[in-house]
Amino acid sequence: MTETPNRLVTAVILVAAGSGQRLGYGMPKASVPLGGEPILMHALRGIVSSGTASQVCVVLPAGDDALRKLCADFQEELADGGPLLSVVDGGATRADSVRAGFEALMDGIEAVLVHDAARALTPETVFHRVADALAAGAEAVIPAVAVVDTVKTVAPTQGPDAAVAPELVTGTAPREELRAVQTPQGFRVETLRHAHRAARDLEPEQAAAVTDDAMLVEMTGTPVHAVRGSIQSLKITTPLDLIFAEGLLEGPLGARWVEG
C-alpha cells in the first residue's frame with residue numbers, strides 16, 4: 001500500500017466573483033440556487049469536507065453584502081475547528097481576483113489551491129490528488145480529464161470560399177494528447193506568486209490570452225503536472241450546465257461520491 005506524503009500547509013483561494021450573466025438569473029453566479037442552496041455554499045462545503053485547507057479565502061464581487069453574510073454564517077458553522085475563512089473583494093479580472101486572495105493569506109501557508117466556485121460539485125478526491133502531488137514534490141499541478149471529442153484547428157476562410165463557410169479546417173489535434181483542465185489548481189506559494197509578478201509585465205494581448213493560473217506558471221518555465229480530474233467537476237456557466245448539476249445532486253449516489 002502506497003503511503004500518502006505529509007501534506008503542505010495549504011490555503012484554498014475560492015474565486016467567486018463572476019457575474020453569472022450567461023446563467024440568466026440577474027445575480028452573481030455564486031448566488032444562483034443549486035439544489036436549494038447558493039452555488040457558493042456547495043463549493044465551500046466541498047472544500048471543507050476534503051480536509052485539505054487550513055484557510056479558505058473567498059473572493060467575492062465587490063460590495064456584495066448578501067454573499068458576505070452567507071460566508072459569515074458559514075464561518076459560524078465552522079466554529080468547531082474548521083479552516084480559517086477569509087473574505088476579500090475581487091478585481092476587474094480573474095488574475096486580479098486571485099492576487100487579491102493572495103494578499104489575505106495567513107503566515108505559514110506553503111501551498112495554495114486556486115478553485116472556481118463554479119465547479120461547486122468537485123469531489124473531495126480531486127482535492128486530495130492535487131494536494132498529494134504537491135506534497136510529493138510538484139511545484140504546480142492541475143486536475144484534468146481526457147478529451148472525448150475530436151478537436152480540430154481552424155482559420156477564417158479567405159477569398160471566394162468565404163461565402164461557403166466562415167472557417168476552414170487547418171488540422172486535427174491528436175486526441176490522446178489533449179486534456180480538459182479543471183480546478184482546483186495547486187501550486188507552491190512562491191511558485192504562483194512569482195508567476196503573477198511576472199504577469200504584470202505582459203502586453204495586454206498576452207494577458208488577455210491567459211485563461212488560468214497554470215498557464216502563468218507555464219510561461220515562467222516551471223513544469224506543471226497533471227492528475228486525474230473528474231467528470232463531476234463540471235463548470236456551471238450556462239443554464240444547461242445548471243440542469244446537469246441539479247441532476248448530479250439528485251442522483252442515487254450523490255455528486256461527491258461518484259467518480260468519473
Side-chain angles (χ1 to χ4, degrees), residues 2-16 43-59 82-86 88 94-95 97-146 179-199 210-235 256 259-260:
T2 303
E3 291 187 5
T4 299
N6 292 327
R7 289 178 181 154
L8 306 175
V9 182
T10 301
V12 175
I13 295 176
L14 182 61
V15 183
L44 284 170
R45 289 206 176 100
I47 293 168
V48 172
S49 296
S50 75
T52 53
S54 297
Q55 179 185 11
V56 181
C57 183
V58 188
V59 187
L84 172 68
L85 188 67
S86 308
V88 299
R94 188 180 190 281
S97 292
V98 173
R99 283 192 279 269
F102 247 114
E103 296 300 320
L105 296 187
M106 64 186 184
D107 293 339
I109 293 296
E110 299 171 298
V112 59
L113 307 186
V114 181
H115 188 43
D116 291 332
R119 296 189 188 273
L121 302 184
T122 298
E124 297 163 17
T125 49
V126 177
F127 287 89
H128 298 167
R129 289 178 200 132
V130 173
D132 290 345
L134 290 171
E139 291 288 325
V141 57
I142 57 174
V145 293
R179 297 293 181 268
V181 177
Q182 302 175 332
T183 67
Q185 298 186 353
F187 310 91
R188 300 285 178 126
V189 164
E190 289 307 317
T191 299
L192 189 57
R193 181 175 284 122
H194 171 66
H196 273 272
R197 285 173 179 162
V210 175
T211 55
D212 67 0
D213 294 278
M215 192 172 176
L216 288 179
V217 172
E218 291 169 46
M219 292 169 72
T220 68
T222 301
V224 176
H225 297 266
V227 296
R228 184 162 59 93
S230 171
I231 58 173
Q232 308 297 131
S233 302
L234 80 164
K235 187 174 184 180
R256 297 197 188 284
E259 275 298 309

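Values reported hereafter were calculated over all heavy atoms of this structure, with side chains retained and with hydrogens, waters and symmetry mates removed.
Taking both residues in full, the closest heavy atoms of Arg188 and Leu134 are given as NH2-O, 2.9 Å, listed atom of the first, atom of the second, then distance. Summarising the geometry of Ser233 relative to Val126, their closest heavy-atom pair is OG-CG2, 4.3 Å, with the distance given to 0.1 Å. The two residues Ile13 and Gly101 make their nearest non-hydrogen contact at CD1-C, 3.9 Å. Annotation for Ala199 and Arg99: closest pair CB-NH1, 4.5 Å, computed over non-hydrogen atoms. For Val210 against Met215, the heavy-atom pair with the smallest separation is CA-SD, 3.7 Å. Taking each heavy atom of Gly46 and Glu124 in turn, the nearest pair found is O-CG, 4.2 Å.
Counting heavy atoms from C-beta on, the side chains of Gln182 and Lys235 never come closer than 4.5 Å. Proximity of Arg7 to Asp132: side-chain heavy atoms (C-beta onward) are separated by under 4.5 Å at one or more points. Counting only heavy atoms from C-beta outward, the side chains of Gln185 and Asp212 approach each other to under 4.5 Å. In this structure the side chain of Phe187 never reaches within 4.5 angstrom of the side chain of Thr222, judged on heavy atoms. Side-chain contact between Val15 and Val98 is present, with at least one heavy-atom pair separated by less than 4.5 Å. Side-chain contact between Thr122 and Ser230 is absent, with no heavy-atom pair separated by less than 4.5 Å. In this structure the side chain of Thr183 never reaches within 4.5 angstrom of the side chain of Val114, judged on heavy atoms. In this structure, the side chains of Val181 and Thr211 stay at 4.5 Å or more apart for every pair of heavy atoms.
Checked by atom type, the side-chain pair Thr191/Glu139 shows a donor-acceptor distance below 3.5 Å.
The CE atom of Met106 lies 5.0 Å from the OG atom of Ser54; values are rounded to the nearest 0.5 Å. Arg193 contributes atom CZ, which lies 4.5 Å from atom CD of Glu190 (distance to the nearest 0.5 angstrom). Taken to the nearest 0.5 Å, the OG1 atom of Thr52 stands 9.5 Å off from the NE2 atom of His115. Atom OG1 of residue Thr220 and atom NE2 of residue His196 lie 11.0 Å apart, to the nearest 0.5 angstrom.
Residues forming a side-chain contact (heavy atoms from CB on, under 4.5 Å) with Val48 (at least two apart in sequence, or on another chain): Phe74, Leu78, Pro83. In this structure, the side-chain contact (heavy atoms from CB on, under 4.5 Å) partners of Thr10, at least two apart in sequence or on a different chain, are Leu8, Ala111, Leu113. Considering only residues two or more places apart in sequence or on other chains, Arg94 meets the salt bridge (charged side-chain N to carboxylate O under 4.0 Å, His left out) condition with Asp116, Asp213.
With hydrogens and angles disregarded, no donor-acceptor distance shorter than 3.5 Å links the side chain of Arg129 to the backbone of Pro143. Looking at Gln232, its side chain never comes within 3.5 Å of a backbone N or O of Leu121 through a donor-acceptor pair. Checked by atom type and distance alone, the side chain of Ser50 pairs as donor or acceptor with a backbone atom of Ile47 at under 3.5 Å.
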Check step by step if side-chain contact (heavy atoms from CB on, under 4.5 Å) holds for Glu103 and Val88. CA-CA 9 Å; Glu103 296 300 320; Val88 299; over 6 Å; no

